[in-house]
Peer 1: 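Dumping the structure here so I can ask a few things about it.
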Amino acid sequence: MASSSLKRREQPMSRDGDQLIITPLGAGNEVGRSCVYMSFRGKTILFDCGIHPAYSGMAALPYFDEIDPSTIDVLLITHFHLDHAASLPYFLEKTTFKGRVFMTHATKAIYKLLLTDYVKVSKVSVEDMLFDEQDINKSMDRIEVIDFHQTVEVNGIKFWCYTAGHVLGAAMFMVDIAGVRILYTGDYSREEDRHLKAAELPQFSPDICIIESTSGVQIHQARHIREKRFTDVIHSTVAQGGRVLIPAFALGRAQELLLILDEYWSNHPDLHNIPIYYASPLAKKCMAVYQTYILSMNDRIRNQFANSNPFVFKHISPLNSIDDFRDVGPSVVMATPGGLQSGLSRQLFDIWCSDKKNSCIIPGYMVEGTLAKTIINEPKEVTLMNGLTAPLNMQVHYISFSAHADYAQTSTFLKELMPPNIILVHGEANEMMRLKQKLFTEFPDGNTKIMTPKNCESVEMYFNSEKMAKTIGRLAEKTPDVGDTVSGILVKKGFTYQIMAPDDLHVFSQLSTATVTQRITIPFAGAFGVIKHRLEKIFESVEFSTDEETGLPALKVHERVTVKQESEKHISLQWSSDPISDMVSDSIVALVLNISREVPKIVVEEEDVVKSEEENGKKVEKVIYALLVSLFGDVKQGENGKLVISVDGNVAQLDKESGDVESEHEGLKERVRLAFQRIQSAVKPIPLSAS
Amino acid sequence: MGTSVQVTPLCGVYNENPLSYLVSIDGFNFLLDCGWNDLFDTSLLEPLSRVASSIDAVLLSHPDTLHLGALPYAMKQLGLSAPVYATEPVHRLGLLTMYDQYLSRKQVSDFDLFTLDDIDNAFQNVIRLTYSQNYHLSGKGEGIVIAPHVAGHMLGGSIWKITKDGEDVIYAVDYNHRKERHLNGTVLQSFVRPAVLITDAYHALYTSQTARQQRDKEFLDTISKHLEVGGNVLLPVDTAGRVLELLLILEQHWSQRAFSFPIYFLTYVSSSTIDYVKSFLEWMSDSISKSFETSRDNAFLLRHVTLLINKTDLDNAPPGPKVVLASMGSLEAGFARDIFVEWANDPRNLVLFTETGQFGTLARMLQSAPPPKFVKVTMSKRVPLAGEELIAYEEEQNRLKREEALRVSLVKEEEIKASHGPDDTSSEPMIIDTKTNHDVVGSHGPAYKDIFIDGFVPPSSSLAPMFPFYDNTSVWDDFGEVINPDDYVIKDEDMDRGAMLNGDDVDGRLDEAAASLMLDTRPSKVISNELIVTVSCSLVKMDYEGRSDGRSIKSMIAHVSPLKLVLVHAIAEATEHLRQHCLNNICPHVYAPQIEETVDVTSDLCAYKVQLSEKLMSNVIFKKLGDSEVAWVDSEVGKTESDMRSLLPMTSAVSPHKPVLVGDLKIADFKQFLSSKGVQVEFAGGGALRCGEYVTLRKVGPTGQKGGASGPQQILIEGPLCEDYYKIRDYLYSQFYLL
């Protein structure tokens with residue numbers, strides 16, 4: 001309490017707000033191992049769970065040590081790429097995480113194939129393995145699926161996802177915690193291509209937008225120009241009898257390129273005798289997924305689907321290994337891996353690189369240190385896999401089909417959304433700074449904050465989330481005016497509040513109220529009149545009546561407890577439970593027992609009961625003082641009978657007579673006032689009627 | 001006051017007619033479902049026609065004729081122009097269902113209520129939503145949020161939640177709480193205490209006795225028994241709804257038993273249906289999507305089922321026993337009717353009904369007990385025109401063209417005279433068209449009905465409870481004699497005319513949308529002949545309807561426990577039964593309106609919104625109870641800067657309130673709790689719990705109701721003064737929160 005109030009004083013602008021923390025555990029000022037931690041009002045969310053492709057083993061993981069995985073409520077995965085999803089099996093199986101995981105259907109289906117393949121091909125020692133195939137299979141059982149636009153609520157956290165473009169099944173997550181909305185874009189693209197929808201523009205503006213910045217301030221070439229360059233290179237190469245090699249990553253852009261090729265071939269009958277192969281067992285497996293989740297793609301492909309499935313290619317055939325490949329004439333081969341490190345794409349490259357009729361098209365982002373990156377600069381010679389060098393005569397083209405939003409898309413996206421807070425992640429540090437500078441010029445009014453936290457660097461924000469309640473039922477029959485009192489049961493469910501009368505509780509909520517009636521019998525052989533006499537001495541209100549059925553006498557004490565003579569030897573007490581009635585009944589029981597046992601003491605007790613007012617007052621004062629000391633510690637007797645209470649250097653003066661409190665510190669004043677009120681009601685006699 | 005809600009049934013109350021209900025929420029009119037039956041009886045749509053133009057949004061719940069059949073007709077003829085909301089499968093499979101209906105009808109009659117184009121137009125602007133997608137309406141419906149949720153029963157089937165100002169109106173018909181092979185069970189039970197629940201009482205009197213496994217076994221045994229003796233099995237099915245479940249059962253069983261008997265799925269759209277269904281995995285059950293995610297095994301990649309789209313393929317199939325699933329389930333049209341007529345007289349064959357046939361159809365007649373020995377059916381066939389008829393047709397066509405040209409030129413002249421805008425010119429010929437069409441409908445509308453409903457004609461005006469009543473063959477003969485053969489002669493001519501008018505329309509459409517669907521492009525006519533079919537094949541009915549049964553419906557409604565309940569879509573007896581049950585046990589406001597009777601279910605709930613000030617909230621200590629938290633607040637009303645009511649802490653002394661015990665005590669649970677604490681407990685007579693030697697505890701007052709609609713619980717604890725008493729009282733208190 002004390003520490004939080006200190007913090008609030010430091011931030012006078014956001015006094016009454018709740019703190020929201022965002023910490024990138026990966027992808028802060030870097031590309032790879034996306035993982036962003038967010039916490040607000042006791043709810044915790046993790047976005048993405050990737051690995052860094054440049055590192056191996058534990059070093060590739062996001063900084064999970066920074067957080068307590070067991071506190072995370074929800075983990076949301078945007079898409080299946082390794083830098084967004086590949087540490088998930090580790091996180092699920094090897095940490096204390098026990099929350100829920102969500103991803104889209106298509107992502108889940110490809111996730112398994114991709115990670116199984118990743119485990120197989122990654123050549124690290126067993127100790128360095130973060131997880132094995134079994135962990136992946138186990139993780140499949142824990143992953144839940146979410147459909148686009150479907151709203152899911154977990155522990156009061158509401159979230160749903162929008163199409164993100166980028167790859168099949170890619171999603172942007174919108175999270176709503178108590179009315180504060182956070183949009184996490186993941187990787188997104190605002191450009192519609194051959195099969196994917198463009199990223200949607202959310203219908204609500206978020207309070208915080210966590211957005212990728214991979215492309216920085218670059219602007220992409222228009223799609224049709226890129227496609228034309230791509231098909232032109234291929235057409236001219238095969239027309240001259242050459243071969244085209246397209247090294248590509250198995251999933252994502254490869255499917256787009258295949259669609260372009262298949263369509264181009266369909267429109268050019270002269271090319272029909274030239275074969276196109278795609279050589280990736282993984283892509284072949286994933287084709288079933290692409291053929292199934294047609295509905296998450298764009299209208300173009302859905303309309304084609306009405307006639308035939310566009311992912312059943314007419315001109316493209318799969319190729320399992322180089323042994324099945326008959327290199328007899330012009331052909332187009334798309335092969336993995338994209339970086340030409342090894343495998344089929346490299347085997348073909350080694351065979352074809354010295355013939356100047358051949359072409360190699362690099363269709364996307366290349367990782368530093370791979371052969372693909374090297375040949376972009378068109379060196380004279382290259383080293384083959386067998387160690388020999390060969391002249392590089394084939395033409396090398398770089399045509400980027402990367403599906404990350406460029407600067408134009410990012411800035412229009414943000415201008416449409418106008419989020420007051422922008423957090424940049426997933427971008428190389430320099431690119432990110434350039435983007436930040438340029439965005440500042442776009443939002444010159446100064447109302448937009450742009451932040452670029454590094455890994456493990458927290459961004460703190462304060463949100464003054466108004467708590468609204470709905471008063472319903474009997475309590476709301478009359479709308480109150482200022483100054484009226486409203487008393488009732490406040491029911492909180494998730495982040496919604498309702499106030500209702502106790503009698504309405506079962507109507508508007510699943511809760512119910514209960515009354516507990518107690519009936520106790522006490523052996524008592526004496527005259528009932530004695531009890532009546534004694535009770536009248538102690539309690540203010542004792543009503544006498546006669547039971548109509550049995551004709552036996554009964555007493556109603558304090559309007560709560562009924563004392564009845566059941567028989568010669570027994571009396572019974574009946575009351576309905578609540579603390580005061582319980583207390584009254586206890587004292588009646590004690591009294592009855594005392595009558596039967598210690599008759600002579602009556603007189604003495606009677607004297608005790610009558611106490612001088614003065615003595616009483618002193619006692620009360622003592623009690624109040626003692627209780628205040630136990631609550632606040634430093635309580636001194638001040639002037640004019642006032643009590644001086646000091647807590648953490650703040651001083652409050654309490655007037656014991658009126659209950660007025662004077663203090664410069666609002667919080668302390670309120671607490672003292674309330675404490676005094678409660679103490680007073682505790683030491684005073686019980687009021688006759690509670691209601 | 002709360003949001004105003006009015007419900008007006010347009011069709012489908014106190015009987016099993018198609019569903020269509022008008023719900024008006026603060027003046028915004030929702031049409032919930034827009035169904036029609038397999039007989040396409042236009043009189044059913046009269047109430048709809050009166051309100052169609054005032055409707056602001058249409059919500060569809062299932063992809064079958066009963067839930068969306070009237071959409072194309074209403075859009076074209078009744079002036080319905082509101083946006084339609086449905087899930088993707090309901091949209092797509094509904095479209096295919098309508099195609100199948102149209103093509104089946106067209107094949108046997110001159111069907112002109114709507115065309116393929118009308119179907120396309122109606123479905124073109126469907127706004128597709130996913131489950132649990134909160135869709136915020138704009139414009140007139142500002143502030144209303146609609147969301148479809150899983151209903152079970154059919155692929156994409158939805159229960160709709162309409163929310164305004166925190167009050168929920170839930171429309172849930174034909175839901176299934178049980179998980180099936182291809183579908184998850186409904187999520188209806190996750191909604192608690194909605195302001196209004198509109199639901200059907202269709203199965204209120206029905207109890208399904210057999211467990212799923214046993215039912216499946218019986219189903220497959222019956223089929224294989226008939227196949228093994230060389231008989232054929234016909235399953236009359238719907239186009240794209242429940243048939244999916246049957247296909248999966250058969251497919252699975254055939255793989256297990258390695259049967260070689262062929263299975264055919266025969267509708268005009270079977271191949272497109274399965275193609276689409278294969279891409280709807282995310283709408284299916286968890287086990288189906290899981291098996292795809294882990295092994296990319298698409299459950300609808302059918303290995304044992306051959307998809308056929310015309311009957312010649314079936315006729316050309318190798319002879320021998322086979323299983324055929326064909327539409328329509330009502331046997332009123334479609335391939336199923338043809339096959340039934342062919343197969344009915346062989347005692348080795350089996351016609352297996354998987355759902356109750358629609359009221360007044362051939363299927364329903366065959367399902368009666370005892371089944372009729374003979375049925376009279378009118379078989380119609382479309383045949384190409386030849387010889388003189390063809391010449392006559394061409395002449396007629398030419399004449400029509402000339403007339404039209406003449407009229408157009410006349411109109412043009414008129415226009416020039418009246419100096420009208422050019423827009424009207426183009427619309428004029430269309431008006432002529434509709435006029436002619438209308439004449440055709442009018443001339444043999446009533447007679448048309450007679451062809452398709454044999455033996456029993458439901459008086460469409462009647463709202464009284466009706467029970468299926470089937471005439472015996474002898475009486476039925478009498479009825480047959482009444483028919484004047486001359487009527488038929490005239491009708492055939494009429495039909496020719498109709499075909500001429502509509503022929504081109506249909507054919508043009510087909511090339512575009514359904515290349516696989518074959519229809520003769522030549523001018524053709526429909527010829528009908530009456531047959532008396534001896535029904536000697538076995539007739540079996542099994543329940544694969546995929547709806548919750550009466551008991552589940554009751555417990556489901558009790559769980560949801562709406563503040564107000566509206567019952568629709570069931571025969572009078574079932575409606576009344578469920579109404580009484582709910583009145584006695586669930587809630588005091590149960591309505592079962594008649595057609596076009598508007599019931600006002602506006603909640604009498606008072607409510608206002610307040611802001612909870614930070615000052616107040618910092619002093620509130622919540623206690624957790626289930627998934628909600630409770631606290632007592634005493635506060636004073638103030639105003640915020642934005643003139644909003646705000647609750648502030650009390651400035652004056654708080655007057656103590658009557659303490660409230662919050663919690664739900666279940667005697668059985670409490671017994672367990674006590675015994676875990678080492679107290680000897682046992683049930684004494686009358687629901688009392690004996691704790692230890694002397695103390696007894698019991699619930700008094702009305703008990704046995706779920707959902708707590710009854711009011712506070714009354715618990716009585718009694719015993720002599722002893723230590724045990726106070727111990728047990730403490731345990732009892734620990735079950736509650738004191739506020």
Side-chain angles (χ1 to χ4, degrees), chain A residues 16 105 108-109 112 140 145 147-151 285 288-289 292 294-295 466-473 476-477 479-493 497 499 502 505-506 508-522 578-579 589 674 677 690-691, chain B residues 88 130-134 166 192-193 278-279 281-282 289 292-294 296 298 605-612 614 617 620 622 625 628-639 647 653 656-665 708 711-718 720-721 725 736 739:
Chain A
D16 299 318
H105 286 88
K108 189 179 177 189
K112 186 188 176 240
M140 286 297 281
V145 283
D147 214 341
F148 290 103
H149 303 122
Q150 181 187 353
T151 310
K285 281 184 199 161
V289 181
T292 302
I294 289 285
L295 293 174
E466 254 180 19
K467 294 184 185 79
M468 296 300 298
K470 203 169 157 187
T471 312
I472 49 173
E477 270 165 16
T479 317
D481 294 320
V482 174
D484 288 358
T485 49
V486 173
S487 298
I489 297 179
L490 180 64
V491 180
K492 179 186 176 197
K493 199 171 179 185
Y497 296 88
I499 302 174
L505 192 65
H506 67 277
F508 301 112
S509 73
Q510 281 171 287
L511 305 167
S512 52
T513 53
T515 52
V516 175
T517 311
Q518 304 194 38
R519 189 149 66 203
I520 214 172
T521 47
I522 312 165
D578 69 61
V589 168
L674 199 72
Q677 233 173 50
S691 47
Chain B
E88 178 79 44
T130 52
Y131 284 143
S132 324
Q133 174 178 356
N134 291 324
V192 184
R193 304 233 130 238
K278 272 193 271 191
S279 71
L281 291 193
E282 57 264 60
S289 54
F292 182 75
E293 279 153 8
T294 48
R296 296 182 312 292
N298 196 324
L605 182 77
C606 311
Y608 60 86
K609 278 193 165 181
V610 286
Q611 193 215 32
L612 299 168
E614 203 61 39
M617 292 309 282
V620 169
F622 278 107
L625 231 149
S628 43
E629 293 169 66
V630 290
W632 182 274
V633 280
D634 284 305
S635 59
E636 213 170 84
V637 177
K639 287 262 167 163
L647 294 185
H657 61 273
K658 196 164 171 281
V660 193
L661 287 173
V662 182
D664 192 5
L665 185 82
Q713 305 176 73
Q714 308 260 356
I715 294 155
L716 178 69
I717 173 168
E718 57 186 334
L721 181 69
Y725 179 86
F736 293 100
L739 292 177

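Lettering of chains follows the sequences in order, A, B, ..., and the numbering in each one begins at 1.
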Peer 1: Counting only non-hydrogen atoms closer than 4.5 Å, does A/Leu295 touch chain B with its backbone (N, CA, C, O), its side chain (CB onward), both, or neither?
Peer 2: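 Side chain only.
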Peer 1: Can you name the residues that form a side chain to side chain contact (heavy atoms under 4.5 Å, CB included) with A/Arg519, not counting sequence neighbours?
Peer 2: A/Gln574, B/Leu716, B/Glu718
Peer 1: Please classify the contact of A/Lys112 with chain B as side chain, backbone, both or neither, using a heavy-atom distance under 4.5 Å.
Peer 2: side chain
Peer 1: Return the minimal non-hydrogen interatomic distance between A/His105 and B/Ser289, and the atom names on each side.
Peer 2: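 Between these two residues, the closest heavy atoms are CD2-CB, 4.5 Å.
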Peer 1: Using non-hydrogen atoms only, which part of B/Val633 is less than 4.5 Å away from chain A: side chain, backbone, both, or neither?
Peer 2: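 For B/Val633, backbone and side chain are both near chain A.
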Peer 1: With no hydrogens and no angle check, do the side chains of B/Gln714 and A/Thr515 hold a donor and an acceptor under 3.5 Å apart?
Peer 2: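 Judged by distance alone, the side chains do pair up.
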Peer 1: Tell me, do A/Met468 and B/Gln611 make a side-chain contact under 4.5 Å, heavy atoms counted?
Peer 2: yes
Peer 1: Using non-hydrogen atoms and a 4.5 Å limit, figure out which bit of A/Tyr497 sits close to chain B: side chain, backbone, both or neither.
Peer 2: side chain
Peer 1: Just so I know, are the side chains of B/Leu661 and A/Val516 near enough to count as touching, which here means a heavy-atom distance under 4.5 Å?
Peer 2: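 Yes, at least one pair of side-chain atoms sits under 4.5 Å.
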Peer 1: Taking the side chain as everything from C-beta on, heavy atoms only, tell me whether A/Asp481 gets closer than 4.5 Å to B/Val637.
Peer 2: no
Peer 1: With a 4.5 angstrom heavy-atom cut-off, is it the side chain or the backbone of A/Leu505 that approaches chain B, or both, or neither?
Peer 2: side chain
Peer 1: Using heavy-atom distances under 4.5 Å, tell me whether B/Val662 contacts chain A through its side chain, its backbone, both, or neither.
Peer 2: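 For B/Val662, the contact with chain A is made by backbone and side chain together.
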Peer 1: Do B/Val630 and A/Leu490 make a side-chain contact, defined as non-hydrogen atoms from C-beta onward lying under 4.5 Å apart?
Peer 2: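 SC-SC contact between B/Val630 and A/Leu490 ruled out.
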Peer 1: Just give me the residue among B/Tyr131, B/Phe736, B/Tyr725 that pairs up with chain A most often, heavy atom to heavy atom, under 4.5 Å.
Peer 2: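 Greatest number of close heavy-atom pairs with chain A: B/Tyr725.
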Peer 1: So, B/Arg296 side chain and A/Val289 main chain: donor-acceptor pair closer than 3.5 Å or not?
Peer 2: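 Not confirmed, B/Arg296 side chain does not pair with A/Val289 backbone.
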Peer 1: For A/Thr292 and B/Asn298: C-alpha separation, side-chain torsions, deciding distance, then whether side chain to side chain contact (heavy atoms under 4.5 Å, CB included) applies.
Peer 2: CA-CA 8 Å; A/Thr292 302; B/Asn298 196 324; 3.9 Å; yes
Peer 1: For A/Lys492, what residues pass the salt bridge (charged side-chain N to carboxylate O under 4.0 Å, His left out) criterion, not counting sequence neighbours?
Peer 2: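 Expected list: B/Glu629.
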